[in-house]
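Each remark here refers to the structure printed beneath this line.
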Amino acid sequence: MADKQHLYLVDGSSYIFRAYHRLPPLTDPDGTPVGAVYGYTTMLWKLADDLDKADGPTHLAVVLDKSSQSFRNEIYDQYKANRPDPPEDLVPQFPLIRDATRAFSLPMIEEENVEADDMIASYAREAQARGWDVTIVSSDKDLMQLVGEKDGAKIDMLDTMKSARIYVDEVKDKFGVPPELVGDVLALMGDSVDNIPGIFGVGPKTASKLIDEHGSLTAALDAAEDMKKSKLKERLLEHRKDAELSRVLVTLREDCPLPIAIEDMKLDGIPGEPLAAFLEKHGFTSLLRRLDAGSGSPDRPNDLNPAKVETKGDSGTSEGNRQPLPEFPAVDRSAYETVQTMERLEHWIAKCRAARIIAVDTETSALDAMRADLVGISLATGANEACYIPLGHLNDGGGGSDMFSEKPEQVPLDDAVAALKPLLESDAVLKIGQNIKYDLNVLARYGIAVAPIDDTMILSFDLDAGRSEGGVGGHGMDELSERHLGHTPLSFKEVCGTGRKQIPFGEVPLDKATEYAAEDADVTWRLHQHLKPRLAIEHGARIYERVDRPLIPVVAQMERHGIKVDRARLAKLSEEFATETAKLEKTIHELAGKEFTVGSPKQLGEVLFDDLGHKGGKKGKSGQYSTDQSVLERLSGDGAEIADKVLEWRQLTKLKSTYTDALQQAINPDTGRVHTSYSLVGAQTGRLSSTDPNLQNIPIRTPIGRQIREAFVPENGNVLLAADYSQIELRLAAHMADVPELKEAFAEGEDIHARTAREMYGEADRDTRARAKTINFAILYGISRWGLAGRLKIEPDEAQELIDTYFKRFPGIQSYIHETLETVRERGYSETLFGRKTWFPRIGSKNQAERQGSERAAINAPIQGTSADIIKRAMARMMPALEDAGLEHVRMLLQVHDELVFELPEGDVEAASPIIERVMAEAALPAVELSVPLGIEIGTGASWDAAH
DNA sequence: CGGATCACG
DNA sequence: GACGTACGTGATCCGA
């Protein structure tokens with residue numbers, strides 16, 4: 001007796017949209033979003049695994065929509081016209097859905113001019129006609145029309161997300177009518193997503209009641225004439241044509257030509273290859289293990305370890321349903337191995353490949369990644385599973401630290417690099433680092449391009465920015481280890497000493513070095529296990545995957561490029577500043593009547609206020625006179641010549657010590673360029689910060705300071721190009737607070753401060769424009785009457801009136817501030833348009849100063865942070881966009897919050913400028929559509945100064 | 001090592 | 001009843 005055939009038809013297109021919204025935004029080791037693909041893969045697995053079970057499939061096919069157009073558009077041109085574009089991180093998953101289907105060796109149906117629903121209907125009827133049972137894997141309400149039995153062959157539906165079978169009773173529960181009348185109900189109620197008109201004002205309730213009463217759509221429409229006068233009657237009569245059109249649109253075509261014969265859809269279970277290749281490519285490791293192990297259904301998926309995915313029920317995406325945190329054995333430093341032979345190194349490389357997720361840490365001879373030499377590398381594959389590979393050690397621990405003992409046995413550096421390179425560059429192995437940008441730059445100098453990567457420091461930042469203070473903003477490894485693991489790692493000081501007694505890492509004895517280095521990798525691996533799963537649960541994946549993680553290699557490359565600085569020019573400036581400073585100092589001493597240290601605010605204060613008798617106040621804590629710029633400017637206004645001279649002296653000494661002298665020091669002897677280091681976790685708002693040297697505060701506001709910018713130059717034959725976002729924060733404020741007047745002004749390309757002046761004062765002249773500008777900035781920073789009064793040199797009462805006028809003219813600003821603060825008080829954090837969180841733990845402080853400080857920062861953070869997100873997105877897209885255009889010689893060198901600086905061949909300027917402008921202007925898209933344009937200003941020249 | 005000052009967006 | 005006023009950074013200097 002032949003078993004009954006059972007055809008499963010998978011509605012792939014509708015499944016992936018649902019999977020996308022139900023599953024966390026996971027990514028594979030390449031950073032490609034694969035959340036929906038993962039859900040789809042596990043679903044196919046489960047279905048294929050049910051082969052030959054009771055009611056399971058004997059035959060199976062996947063049906064997908066080929067395009068958004070179908071024959072229904074010819075009937076009704078507005079059909080599906082209101083469909084929003086799919087989310088940006090779903091788009092790259094569409095082709096992967098097809099890859100997954102092929103990997104399972106399943107037939108795939110995609111036909112032009114009809115929709116997946118029509119193909120499903122056609123196949124279902126064909127199978128039914130042959131006496132086969134059919135299960136439609138979908139929860140689409142349109143398909144419910146097909147459910148039921150005919151000639152002893154039944155069609156049902158399966159909602160895999162709810163693990164629910166839908167048969168006639170379920171359809172009746174939902175629509176109040178049997179399946180064959182569902183089309184009539186749908187025609188009456190319409191569908192806003194598909195833009196099916198239906199009868200205006202008729203919803204599911206009324207529709208099913210009418211059909212149930214009258215037995216069909218036509219009967220219901222005919223009966224309208226005899227109804228007693230009502231809104232409903234009018235509507236039925238008036239929109240009859242709409243309903244009839246809708247009936248045609250919701251009717252499924254059951255007679256489509258069938259491209260694949262149903263007997264060819266026979267299911268063979270779960271294949272080995274090429275499924276294994278697909279699972280491996282996307283890091284679906286637990287499925288891969290299951291495949292290796294034979295079969296078994298993926299009940300407890302653990303893929304993309306450690307971002308745990310739960311495909312059943314609702315857990316996994318909801319805030320309250322946290323996964324238990326992983327627990328590990330206590331750190332055991334004696335478990336680490338010192339790898340000193342090629343044989344052991346090969347062993348560890350194999351172990352890493354099998355582990356697929358490893359932590360990496362490099363030990364170097366210095367802190368500067370551009371100068372440091374590689375001293376060793378540590379790897380971790382699990383808790384207490386870590387090793388240290390010494391490569392440049394001088395001391396094996398046999399002698400004292402002041403006496404070189406014999407050089408220890410080590411794998412030769414070149415051999416080790418050659419052996420490790422394929423592992424560190426392998427797509428199949430995720431490399432985790434704590435501040436991995438550093439390791440990227442060190443290893444890049446040895447010819448290794450590490451990828452794919454994860455970074456525990458940035459994970460921590462994207463989850464917990466603002467939650468704690470301290471060294472690296474609370475995201476340093478020691479702090480993270482304490483906080484998440486309750487473990488104190490060996491400190492660098494304990495290993496290398498401190499101050500004058502500090503030794504380079506290469507002189508640390510191997511046993512000690514192994515304990516320290518391998519522990520760092522071990523701890524990093526453990527931290528990743530803690531932090532990565534939180535990303536999906538706490539909605540941090542968007543910002544991490546889409547903004548910050550892609551930026552790591554980009555910023556690393558900018559740091560390696562560095563920028564050329566004209567040393568001779570700086571030296572000349574230093575000299576000029578020195579002579580001028582000496583002259584000023586002499587004059588100041590004369591004016592003071594005695595010699596003193598001009599650079600000492602304490603001494604200066606005493607000279608100004610005690611000796612010379614100027615009036616001024618003491619500063620709170622230190623009991624010291626304040627002598628800052630505003631005080632000196634006031635004294636100067638009162639005619640004190642010495643104040644002028646001191647201001648001038650300060651400017652010159654500042655420029656000399658901080659810039660002209662320091663920048664010469666910062667020139668890298670190997671590259672002849674200056675390589676700053678950007679911190680991706682430096683600013684709570686998500687901005688980058690720049691150190692060693694800080695290239696984000698090079699003078700520009702005064703002519704004398706600007707001379708320093710003239711020393712930043714391109715290589716021969718090249719120019720520097722500077723591209724700025726103009727007024728980006730004000731534009732974002734106009735968008736986020738929804739201020740029509742400001743949005744309009746930006747749209748028209750108006751002078752925004754002049755427009756503000758007109759709105760506030762009725763006219764814009766030099767004076768009112770300047771005041772309006774101050775007020776505009778005050779808004780971005782969280783306004784107070786005293787602050788504004790101080791800036792505008794007016795009384796607080798007057799300032800308050802201005803603020804009131806501003807809020808009255810732009811009520812959106814006031815409600816933005818109010819709503820932002822409400823949200824922060826409620827949730828504890830603010831959010832940018834791209835979902836970056838900043839926490840404000842002191843927002844509810846009893847201390848007023850503290851609380852108000854938090855409030856001002858909280859008002860500013862979404863604006864400053866959104867601006868940071870936008871330029872980061874532009875940076876991540878910039879080089880691919882330029883390379884696509886064949887511009888391979890353009891180098892992105894610097895970022896200064898709203899400005900990007902490039903170095904490029906003179907001949908490339910014309911081609912590169914529009915691309916740079918477009919990438920920057922469109923950086924918010926498609927994730928966020930701004931209601932204001934983003935204006936870009938571009939300049940080029942033979943120096944950074946000339947490029948402005 | 002903290003405070004004061006000042007360079008930038 | 002007192003608090004102390006614009007957001008975000010980093011480098012340098014002085015002086016305890």
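Naming: A, B, ... by sequence-line order, numbering from 1 per chain. Basis for what follows: all heavy atoms, side chains included, without hydrogens, waters or symmetry-related copies.
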Spacing of [X] atom [atom1] relative to [N] atom [atom2], expressed in whole Å:
X        : N     : atom1 : atom2 : result
A/Lys656 : B/dT5 : NZ    : P     : 22 Å
A/Arg731 : B/dG9 : CZ    : P     : 17 Å
A/Arg851 : C/dG4 : CZ    : P     : 12 Å
A/Phe577 : B/dA7 : CZ    : C1'   : 13 Å
A/Asp628 : B/dT5 : CG    : P     : 5 Å
A/Arg771 : C/dA6 : CZ    : P     : 18 Å
A/Tyr625 : B/dG3 : OH    : P     : 21 Å
A/Gln696 : B/dG9 : CD    : P     : 10 Å

Would you say the side chain of [Y] lies within less than 4.5 Å of the side chain of [X], judging by non-hydrogen atoms?
X        : Y        : value
A/Thr660 : A/Leu655 : no
A/Gln696 : A/Gln895 : yes
A/Ile704 : A/Leu652 : yes

Between [M] and [N], how far apart are the [atom1] atoms? Round to whole Å, please.
N     : M     : atom1 : value
C/dT5 : B/dT5 : P     : 13 Å
C/dA6 : B/dG2 : P     : 23 Å
C/dG1 : B/dC6 : P     : 39 Å

Name each donor-acceptor pair under 3.5 Å that joins a side chain in residues 591-602 of chain A to protein atoms two or more places apart or in another chain, with its distance.
{"unit_1": "A/Lys594", "atom_1": "NZ", "unit_2": "A/Asp611", "atom_2": "OD2", "d": "3.0"}
{"unit_1": "A/Ser600", "atom_1": "OG", "unit_2": "A/Lys602", "atom_2": "N", "d": "3.4"}
{"unit_1": "A/Ser600", "atom_1": "OG", "unit_2": "A/Gln603", "atom_2": "N", "d": "3.1"}

Response to the item:
Expected string for nucleotides 9-16 of chain C under the B/S/- scheme (protein heavy atoms, under 4.0 Å, primed atoms plus P, OP1, OP2 as sugar-phosphate) is SBBSSSS-

Practice prompt. Name every residue in residues 786-800 of chain A that has at least one heavy atom under 4.0 Å from any atom of DNA chain C, in order of residue number, or write none if there are no such residues.
Written response: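 Contacts with DNA chain C under 4.0 Å: A/Trp786, A/Arg791.
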
Worksheet item: Contacts to DNA chain C from residues 852-862 of chain A, heavy-atom cutoff under 4.0 Å, which residues?
Response: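 Per residue number, the list reads A/Gln852, A/Arg856, A/Ala857, A/Asn860.
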
Does [X] reach a base, just sugar-phosphate, or nothing at all? Heavy atoms under 4.0 Å.
X        : answer
A/Thr627 : sugar-phosphate
A/Ser630 : nothing
A/Ile700 : sugar-phosphate
A/Ile698 : sugar-phosphate

Item to complete: Applying side chain to side chain donor-acceptor pair (under 3.5 Å), name anything that partners A/Glu903, two or more places apart in sequence or on another chain.
Response: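 Residues passing side chain to side chain donor-acceptor pair (under 3.5 Å) with A/Glu903: A/Arg673, A/Arg891.
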
Apply ring pair (Phe, Tyr, Trp, His ring centres under 6.0 Å) to [X] and list each qualifying residue two or more places apart in sequence or on a separate chain.
X        : answer
A/Phe712 : A/Trp944
A/Phe461 : A/His475
A/Phe902 : none

Practice prompt. Looking only at side-chain atoms of A/Gln629, point me to the closest of B/dA7, B/dT5, C/dA6.
Written response: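 Output: B/dA7.
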
Item to complete: Kindly write out the residues that satisfy salt bridge (charged side-chain N to carboxylate O under 4.0 Å, His left out) with A/Lys808, not counting sequence neighbours, or none if the list is empty.
Response: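 None.
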
Is the shortest side-chain N/O distance from [X] to OP1 or OP2 of [N] below 4.0 Å?
X        : N     : answer
A/Arg650 : B/dA7 : no
A/Arg785 : C/dT5 : no
A/Ser626 : B/dT5 : yes

Worksheet item: Want to know the stems of DNA chain C: at least 3 consecutive Watson-Crick or G-U pairs with distances under 3.5 Å, which are they?
Response: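 Output for stems: B:1-9 with C:7-15.
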
Discussion item. According to side-chain contact (heavy atoms from CB on, under 4.5 Å), who are the partners of A/Ala737, at least two apart in sequence or on a separate chain?
Written reply: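 So A/Ala737 forms a side-chain contact (heavy atoms from CB on, under 4.5 Å) with A/Val739, A/Ile813, A/Tyr816.
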
Discussion item. Would A/Arg569 and A/Ser943 count as a side chain to side chain donor-acceptor pair (under 3.5 Å) here? Give the steps.
Written reply: CA-CA 12 Å; A/Arg569 186 152 203 157; A/Ser943 74; over 6 Å; no

Worksheet item: Do any pairs count as a side-chain hydrogen bond (donor to acceptor under 3.5 Å, both in side chains) and have a residue in residues 862-874 of chain A, sequence neighbours left out, and if so which ones?
Response: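 Every side-chain hydrogen bond (donor to acceptor under 3.5 Å, both in side chains) pair that includes a residue of residues 862-874 of chain A, provided the two are not neighbours, is A/Asp548-A/Lys872, A/Thr685-A/Gln864, A/Thr832-A/Asp869, A/Arg836-A/Asp869, A/Asn860-A/Gln864.
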
Discussion item. side-chain contact (heavy atoms from CB on, under 4.5 Å), that's the test. Do A/Leu792 and A/Arg771 meet it? Break it down for me.
Written reply: CA-CA 7 Å; A/Leu792 290 177; A/Arg771 285 164 173 269; 3.9 Å; yes

Fill in: From A/Asp368 atom CG to A/Glu559 atom CD, the distance as rounded to the nearest 0.5 Å
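Between A/Asp368 CG and A/Glu559 CD, I get 9.5 Å after rounding to 0.5 Å.
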
Worksheet item: Is NZ or CZ of A/Lys656 both nearer than 6.0 Å to the six-membered ring centre of A/Phe577 and within 45° of the ring axis?
Response: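 No - A/Lys656 does not lie over the ring of A/Phe577 by the 6.0 Å and 45° rule.
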
